[in-house]
Amino acid sequence: MPELPEVETIKRQLLKEVIGKKIKEVELRLPKLAYFEGFKGDGSTGSPQAAKNFKKNLEGAKIGKADRAAKILILTLSNDYTLLVHLKMTGQLIYRAKNGKMRRGGHPWPPAAVEVPNKWTHIIFHFVDGSKLYFNDLRQFGYMKLVKSDELAEQKEIRKLGIEPFDKNFTVELFSKMLKCHAKAKIKPLLMDQNFISGIGNIYADESLHYAGILPTRPAGKIKPEEVKRLYQGIKIILKKSIAKGGTSSDTYVTLSGQKGGYEKYLKVYGREGKKCLRCGGIIKRIKLGGRSAHFCPDCQG
DNA sequence: TATATTGTTACACC
DNA sequence: TGGTGTAACAATAT
């Protein structure tokens with residue numbers, strides 16, 4: 001489930017391969033994952049017209065630059081359009097150069113050994129030089145959305161996003177104010193709220209709170225200044241370290257033997273229910289919070 | 001069969 | 001009214 005570090009890794013390691021390439025053909029195997037200007041529910045997907053527009057405006061265009069906003073990848077095209085890609089939980093992007101070299105980012109299933117395209121390959125970009133970009137998604141939650149470049153900022157999935165953790169304006173003072181604005185909200189669901197801060201999902205919310213020694217259920221307004229500072233530092237340190245390791249759940253590889261995202265072995269609480277806390281030896285617990293599972297150590301998080 | 005997962009939306013509550 | 005919480009939904013492998 002790609003979060004900020006995984007999406008950033010994909011942007012840096014995978015999308016750099018397609019920059020400057022010209023799209024020859026777009027193969028839409030599952031048209032409902034392709035949006036053209038509107039959003040789900042307003043008839044912009046699934047209609048023959050949306051699919052036609054999606055294809056028409058991509059084919060012949062060159063890929064310009066690659067950006068990221070929260071967990072969304074943004075590809076600026078040489079024409080007036082911009083492509084948004086959200087991998088949600090199980091999306092993958094796979095690039096295959098014409099010499100067969102591959103790069104893959106996103107959910108680790110299906111594993112590297114499975115040939116592409118396969119039954120989970122829903123959209124294929126064929127480039128003029130013979131290389132290809134595959135969009136795979138097991139659960140079909142992800143999407144690709146083509147919008148007018150000058151309307152990018154107005155898109156609802158971009159417009160409401162909270163501040164990026166690495167934005168220079170995101171200071172501990174601002175973070176403290178933000179928490180006070182939502183004094184009664186439980187800290188973990190708040191951290192995961194994309195309209196509060198961009199890019200933090202379940203893994204990094206759990207890890208950041210463990211780093212700071214704060215229980216996921218604590219009301220945001222009851223967190224003491226020194227804890228706010230630790231949490232602020234924890235978010236940045238953990239995200240940065242994960243980016244440096246190539247993300248947690250994304251397996252990005254160059255060869256078929258491949259390597260997993262390197263952050264997995266640094267996880268302190270996520271997915272470690274019943275195991276010993278690596279800091280104090282307590283037993284990691286898992287509870288349901290806001291419809292998601294929260295992992296924490298009851299002994300050293302208070 | 002129940003579960004896991006994200007982001008959005010709908011709706012209840014105070 | 002708006003902050004908060006809960007549930008449903010999309011889909012499918014385990």
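Lettering of chains follows the sequences in order, A, B, ..., and the numbering in each one begins at 1. The figures here come from the full heavy-atom set of this structure, side chains too, leaving out hydrogens, waters and symmetry mates.
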query: Is it true that the side chains of A:K188 and A:N202 contain a donor and an acceptor less than 3.5 Å apart?
result: yes

Gap between atoms CD1 and C1', on A:I200 and B:dG7 respectively (whole Å): 15 Å

task: Please lay out, stage by stage, how A:F170 and A:F175 fare under the test ring-ring contact (aromatic ring centres under 6.0 Å, His included).
output: CA-CA 7 Å; A:F170 182 61; A:F175 186 46; 5.5 Å; yes

message: Using OP1 and OP2 only, check whether a side-chain N or O of A:W120 sits under 4.0 Å from C:dA13.
response: yes

message: I want to check one thing: is the phosphate of C:dA11, taken as OP1 and OP2, less than 4.0 Å away from some side-chain N or O of A:K119?
response: no

- prompt: Hey, does A:K160 reach any base, or is it just sugar-phosphate, or nothing, if we go heavy atoms under 4.0 Å?
  reply: nothing

- request: Please report, rounded to the nearest Å, how far the P atom of C:dA8 is from the NZ atom of A:K288.
  value: 13 Å

task: Return no unless some side-chain N or O of A:R286 is found under 4.0 Å from OP1 or OP2 of B:dT3.
output: no

task: Just compare B:dT8, C:dT12, C:dT4 and give me whichever is closest to any side-chain atom of A:K184.
output: C:dT4

- request: Apply the test side chain to side chain donor-acceptor pair (under 3.5 Å) to residues A:Y81 and A:S149: give CA-CA distance (whole Å), side-chain angles for both, the deciding distance (0.1 Å), then the verdict.
  value: CA-CA 5 Å; A:Y81 287 89; A:S149 295; over 6 Å; no

- request: Select one nucleotide: of B:dT6, C:dG5, C:dA13, the one nearest the side-chain heavy atoms of A:K186.
  value: C:dG5

- request: Find the distance A:K188:NZ to C:dG5:P and express it as a whole number of Å.
  value: 14 Å

query: Can you check ring-ring contact (aromatic ring centres under 6.0 Å, His included) on A:F296 and A:H210, steps first, answer last?
result: CA-CA 6 Å; A:F296 62 96; A:H210 178 265; over 10 Å; no

- request: Grab the CG-C1' distance between A:L289 and C:dA7 for me, whole Å please.
  value: 15 Å

C:dT12 OP1/OP2 closer than 4.0 Å to side-chain N/O of A:Q140: yes

Evaluation steps, salt bridge (Lys or Arg N to Asp or Glu O under 4.0 Å), between A:E27 and A:K55: CA-CA 8 Å; A:E27 204 179 325; A:K55 271 173 68 81; over 6 Å; no

statement: Against the side chain of A:K32, the closest entry in C:dA11, C:dT4, B:dG7 is C:dA11

- prompt: If you check the A:F141 side chain, which of C:dA10, B:dT8, B:dA4 turns out closest?
  reply: C:dA10

task: Send over the distance from A:H295 NE2 to B:dA4 P, rounded to a whole Å.
output: 9 Å

statement: A:L87 atom CG is separated from C:dA11 atom P, nearest whole Å, by 18 Å

task: Take A:R139 and A:A183, find for each the nucleotide of DNA chain C with the closest heavy atom, and name the residue whose nucleotide sits nearer the 5' end.
output: A:A183

query: Whole-Å distance between C:dG2 C1' and A:F196 CZ?
result: 17 Å

- prompt: A:N195 CG to C:dG3 P: how many Å, rounded?
  reply: 12 Å

message: By nearest atom, which of the nucleotides B:dT6, C:dT4, B:dA4 is closest to the A:A185 side chain?
response: C:dT4

Under 4.0 angstrom between A:H86 side-chain N/O and B:dT6 OP1 or OP2: no

query: Under the side chain to side chain donor-acceptor pair (under 3.5 Å) criterion, do A:Y95 and A:K16 qualify, and how do the steps go?
result: CA-CA 10 Å; A:Y95 169 78; A:K16 69 167 193 206; over 6 Å; no

Nucleotide of C:dT12, C:dA10, B:dG7 approaching A:R292 most closely (side-chain heavy atoms): B:dG7

- request: Would you mind telling me which of B:dA4, C:dA13, C:dT4 lies closest to the side-chain atoms of A:L138?
  value: C:dA13

Selected nucleotide, minimal atom distance to A:K88 side chain, candidates B:dT8, B:dT6, C:dT12: B:dT6

